[in-house]
Structure formats: structure tokens, C-alpha cells
Asks: 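Could you have a look at this structure, given as C-alpha cells, before my questions?
Only this structure's heavy atoms are used, side chains among them; waters, hydrogens and symmetry mates stay out. Since this is a predicted model, take the numbers as computed values, not measurements.
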Amino acid sequence: MAGLIGDKTRSKMLMALMSGKALTATELACEADISAQTASTHLSKLTEGSLLVVRKQGRHKYFQLRDHEVAEILEKLLNISSTQARRSIDTGPANPDLRKARICYDHLAGSFGIALYDSLMAEGIILEEFQSAELTEKGKKFFSKLGVDIEELRKTRRPLCKSCLDWSERRNHLAGSLGQWILEDAFSKKWAQRRLDSRVIDFSHSGLKKFLHNYRVSIEI
């Protein structure tokens, strides 16, 4: 498993899939700057190693990370590798937009994600214990009013709430099925959208104001 992830070419492909999008072999070959034939070999290894899954639609084949657990492993490795590379440096990506708001497989990461997590903690909506997050009774009522079906989310095999160590901020943001719901809700309300060919999430000015008000987040905009 470590050998599959550690290869430089395959790691580029895996990072490209961290947006949660499904990409073709050609798109991944371009991302890794290799030939289509070489990409096919690497993708076969990643698929056989259960890091990727293949989705077929018509004549096309698309590759995706197997699930959120693989994405979490990759995010943790990013934290480890950047920490060990050099000390006393800025952590995470150099791109300020990536540092501000980006998608971490299916939930919000970056400084906005940290601010959201901190606000939910301060309001007593979630509790953090031993690097894990738990929704409080107050939190259940809060999210129910926003339209979240808590019991339906609990039926999924992933945790309802989970703390995820942020690559750039080195603090926790919210993952789990609730973290996914929050981001999808922001997309559905047109408060934010994914930037094409990037992990960056762009909030409109009015959308960001509504998002911050909705979750009682206090940051300068």
C-alpha cells in the first residue's frame, strides 16, 4: 500500500482525485505528465490495490478514489510529508485560494473550514474528544432546523461527525457525513461552487455572508 502511494507519478494521480471528481485515464495522464500507456499501467496497479474504483459510462471509463477513507489517508500523508520536509515554514499549499477554502474529498477544508469547526465547538453544537467530534443534543436540534435528517445520515457506514486534521492550518475541520452535508448544502444554495480543475471552492460575496450567518461563524470578509 505504501509503495502504491509513494510512487511520484501515482501520487500525482491520487492528489488530482482528492477533489472527489471522477477523471479519465487521459486526464490523469496529463496531470502526471506521462503517456497514456504509462498511465494505464499505474491506474491498473492503483485499482488492483483497492485505492481507486472504475466507473463506466457509455464508452468512457472514469477513475475515483475508492472512498473517504482513502482520501483521509492521503490527507494525513500530506500533513506528515510537509512537516518532515522542512521546519519553520508555512504549512500546506502556497496558493492562497487553496488555503482559504478547498474541498477535501467531500467536505470543506482550509481556513473557512477551520472557522466553521471552531464556531460549532464554541456554540456547543459539537464536542471534540480525543481527536474525534460528536454532535450534541443542541447540535441535533440546530441541524434539524436546517433540514438535516440526522437519523438518515446515521444509516451510512461513515461517522456522522469526524475531525479531520487540515493540511494547511494544522487544526481540525469537520468531516464525516455531516461535513459532507454542509458542503453540498452550500453548493445547492449557490453560496459556493467548485473551481474547474482545482480543489478551490469559491464563495460569492453574498453566499459567504449567508454561510457565515447560517453557522454563526465570525471572520472578516
Asks: Kindly give the heavy-atom pair with the smallest separation between Cys161 and Ile126, and that separation in Å.
Replies: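 Between these two residues, the closest heavy atoms are SG-CG2, 4.4 Å.
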Asks: Checking Ser144 against Ile150 for the side-chain contact (heavy atoms from CB on, under 4.5 Å) test, could you report, in this order, the C-alpha distance in whole Å, the side-chain angles of both residues, the deciding distance, and whether it holds?
Replies: CA-CA 7 Å; Ser144 292; Ile150 301 296; 4.1 Å; yes
Asks: Sub-3.5 Å donor-acceptor pair from the side chain of Asp166 to the main-chain atoms of Gly110, do we have one?
Replies: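 Judged by distance alone, yes, a pair lies under 3.5 Å.
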Asks: Got a sec, which residues hit side-chain contact (heavy atoms from CB on, under 4.5 Å) with Thr136, two or more places apart in sequence or on another chain?
Replies: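 Here the qualifying residues are Leu127, Lys138.
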Asks: How close do Tyr117 and Glu128 get, counting heavy atoms only, and between which atoms?
Replies: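 Looks like OH-OE2, 2.7 Å.
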Asks: Is the CG atom of Asp149 crowded by more than 12 outside heavy atoms at less than 6.0 Å?
Replies: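 For Asp149, atom CG is crowded (more than 12 foreign heavy atoms under 6.0 Å).
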Asks: Going hydrophobic residue to hydrophobic residue with side-chain gaps under 4.5 angstrom, can you get from Ile201 over to Leu196?
Replies: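 Hydrophobic grouping puts Ile201 apart from Leu196.
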Asks: Considering only heavy atoms from C-beta outward, does the side chain of Leu174 approach that of Ser163 to under 4.5 Å?
Replies: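 Of all side-chain heavy-atom pairs linking Ser163 with Leu174, none is under 4.5 Å.
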Asks: To the nearest 0.5 Å, what is the distance between CD1 on Ile103 and CD on Gln180?
Replies: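 Interatomic distance, Ile103 CD1 to Gln180 CD, rounded to 0.5 Å: 9.0 Å.
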Asks: If you compare all heavy atoms of Glu75 against all heavy atoms of Cys164, which two are closest, and at what distance to 0.1 Å?
Replies: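 What the structure gives for the nearest pair is CG-SG, 4.4 Å.
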Asks: Show the numbers, then the answer: is there a side-chain contact (heavy atoms from CB on, under 4.5 Å) between Leu52 and Val70?
Replies: CA-CA 9 Å; Leu52 300 184; Val70 174; over 6 Å; no
Asks: Go through the side-chain N and O atoms of Ser198 and Arg102 and say whether any donor and acceptor fall under 3.5 Å apart.
Replies: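 No pair is found: no donor N or O on one side chain lies under 3.5 Å from an acceptor on the other.
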Asks: Taking the side chain as every heavy atom from C-beta outward, state whether Cys104 and Arg199 have any pair of such atoms under 4.5 Å apart.
Replies: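 A side-chain contact under 4.5 Å exists here.
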Asks: Taking atom CE of Met15 and atom CD1 of Ile5, what is their separation to the nearest 0.5 Å?
Replies: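 Nearest 0.5 Å value for the CE-CD1 distance: 8.0 Å.
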Asks: Can you list everything that forms a side-chain contact (heavy atoms from CB on, under 4.5 Å) with Lys140? Sequence neighbours excluded, please.
Replies: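 For Lys140 the side-chain contact (heavy atoms from CB on, under 4.5 Å) partners, ignoring immediate neighbours, are Leu135, Glu137, Arg154.
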Asks: Taking side chain as C-beta onward, heavy atoms only, is Thr24 less than 4.5 Å from Tyr62?
Replies: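 In contact.
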Asks: Side chains of Asp106 and Leu183: closer than 4.5 Å at any heavy-atom pair?
Replies: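 No, their side chains stay 4.5 Å or more apart.
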Asks: Would you say that Arg99 contacts Ser111 through its side chain, given a criterion of any heavy-atom pair below 4.5 Å between the two side chains?
Replies: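 Not touching, per the 4.5 Å side-chain cut-off.
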Asks: Got a sec, which hydrophobics cluster with Ile114, joining ILVMFWY side chains under 4.5 Å apart, including via others?
Replies: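 The other cluster members (ILVMFWY side chains, heavy atoms under 4.5 Å, direct or chained): none.
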Asks: Enter the distance from Ser204:OG to Gln193:CD here, rounded to the nearest 0.5 Å.
Replies: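 One gets 8.5 Å once the value is rounded to the nearest 0.5 Å.
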Asks: With sequence neighbours left out, what residues match Thr156 under side-chain contact (heavy atoms from CB on, under 4.5 Å)?
Replies: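 Partners of Thr156 by the side-chain contact (heavy atoms from CB on, under 4.5 Å) criterion, ordered by chain and then number, come out as Arg158, Ser177.
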Asks: For Tyr215, what residues pass the ring-ring contact (aromatic ring centres under 6.0 Å, His included) criterion, not counting sequence neighbours?
Replies: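 By the ring-ring contact (aromatic ring centres under 6.0 Å, His included) rule, Tyr215 matches Phe211.
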Asks: Would you say Leu65 and Val53 make side-chain contact, with heavy atoms under 4.5 Å?
Replies: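 A side-chain contact under 4.5 Å is absent here.
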Asks: Do Leu98 and Leu74 sit in the same hydrophobic cluster, where Ile, Leu, Val, Met, Phe, Trp and Tyr count as joined when their side-chain heavy atoms come under 4.5 Å apart?
Replies: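 Different clusters.
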Asks: If you define the side chain from C-beta out and look only at heavy atoms, does anything of Phe143 sit under 4.5 Å from Ile125?
Replies: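 In short, these two side chains touch, coming nearer than 4.5 Å.
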Asks: Does Phe203 share a hydrophobic cluster with Ile219, counting links as ILVMFWY side-chain heavy atoms below 4.5 Å and allowing steps through other members?
Replies: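 In one cluster: yes.
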Asks: Under the rule for side-chain contact (heavy atoms from CB on, under 4.5 Å), what residues qualify as partners of Ala39, not counting sequence neighbours?
Replies: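 Expected list: Met13, Ala29, Ile34.
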Asks: Of all the heavy-atom pairs spanning Pro159 and His68, show the shortest one and how long it is.
Replies: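 Distance-wise, the nearest heavy atoms are CD-NE2, 4.5 Å.
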Asks: Does Val200 belong to the same Ile/Leu/Val/Met/Phe/Trp/Tyr cluster as Met18, with side-chain heavy atoms less than 4.5 Å apart forming each link?
Replies: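 Unlinked, Val200 and Met18 end up in two clusters.
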Asks: Residues in salt bridge (Lys or Arg N to Asp or Glu O under 4.0 Å) with Arg195, at least two apart?
Replies: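 In terms of salt bridge (Lys or Arg N to Asp or Glu O under 4.0 Å), with neighbours along the sequence ignored, Arg195 is linked to Asp97, Asp202.
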Asks: Would you give the length of the straight line joining atom CZ of Phe63 to atom CG of Leu17, rounded to the nearest 0.5 angstrom?
Replies: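 Here the interatomic distance stands at 9.5 Å.
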Asks: Measuring from atom CD of Glu31 to atom NZ of Lys12, what distance do you get when rounded to the nearest 0.5 angstrom?
Replies: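 Between atom CD of Glu31 and atom NZ of Lys12 there are 8.5 Å.
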Asks: Name all residues meeting the salt bridge (Lys or Arg N to Asp or Glu O under 4.0 Å) criterion together with Lys189; count only those two or more places apart in sequence or in a different chain, and write none if there are none.
Replies: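 Only Asp185 meet the salt bridge (Lys or Arg N to Asp or Glu O under 4.0 Å) criterion with Lys189.
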Asks: Which residues pass the salt bridge (Lys or Arg N to Asp or Glu O under 4.0 Å) test with Arg157, sequence neighbours left out?
Replies: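 Per chain and number, Arg157 pairs via salt bridge (Lys or Arg N to Asp or Glu O under 4.0 Å) with Asp67.
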Asks: Quick one, Leu108 and Ile182 - any side-chain contact, counting heavy atoms below 4.5 Å?
Replies: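 The answer is no; the side chains never approach within 4.5 Å.
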Asks: Once salt bridge (Lys or Arg N to Asp or Glu O under 4.0 Å) is applied, do any residues pair with Glu123, and if so which ones, sequence neighbours excluded?
Replies: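 Partners of Glu123 under the salt bridge (Lys or Arg N to Asp or Glu O under 4.0 Å) test: Arg216.
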Asks: Could you name each residue pair satisfying ring pair (Phe, Tyr, Trp, His ring centres under 6.0 Å) that touches residues 171-195, not counting sequence neighbours?
Replies: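 Residue pairs passing ring pair (Phe, Tyr, Trp, His ring centres under 6.0 Å), neighbours aside: His107-His173.
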Asks: Step by step, would you call Asp118 with Arg171 a salt bridge (charged side-chain N to carboxylate O under 4.0 Å, His left out)?
Replies: CA-CA 10 Å; Asp118 287 348; Arg171 295 172 56 207; 2.4 Å; yes
Asks: Extract all donor-acceptor atom pairs below 3.5 Å that involve side chains of residues 42-50 and protein atoms in other chains or at least two apart in sequence.
Replies:
residue, atom, partner, partner atom, Å
His42, ND1, Arg10, NH1, 3.0
Ser44, OG, Ser40, O, 3.0
Thr47, OG1, Leu43, O, 2.7

Asks: Side chains of Thr41 and Thr38: do they bring a donor and an acceptor to under 3.5 Å?
Replies: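 No pair is found: no donor N or O on one side chain lies under 3.5 Å from an acceptor on the other.
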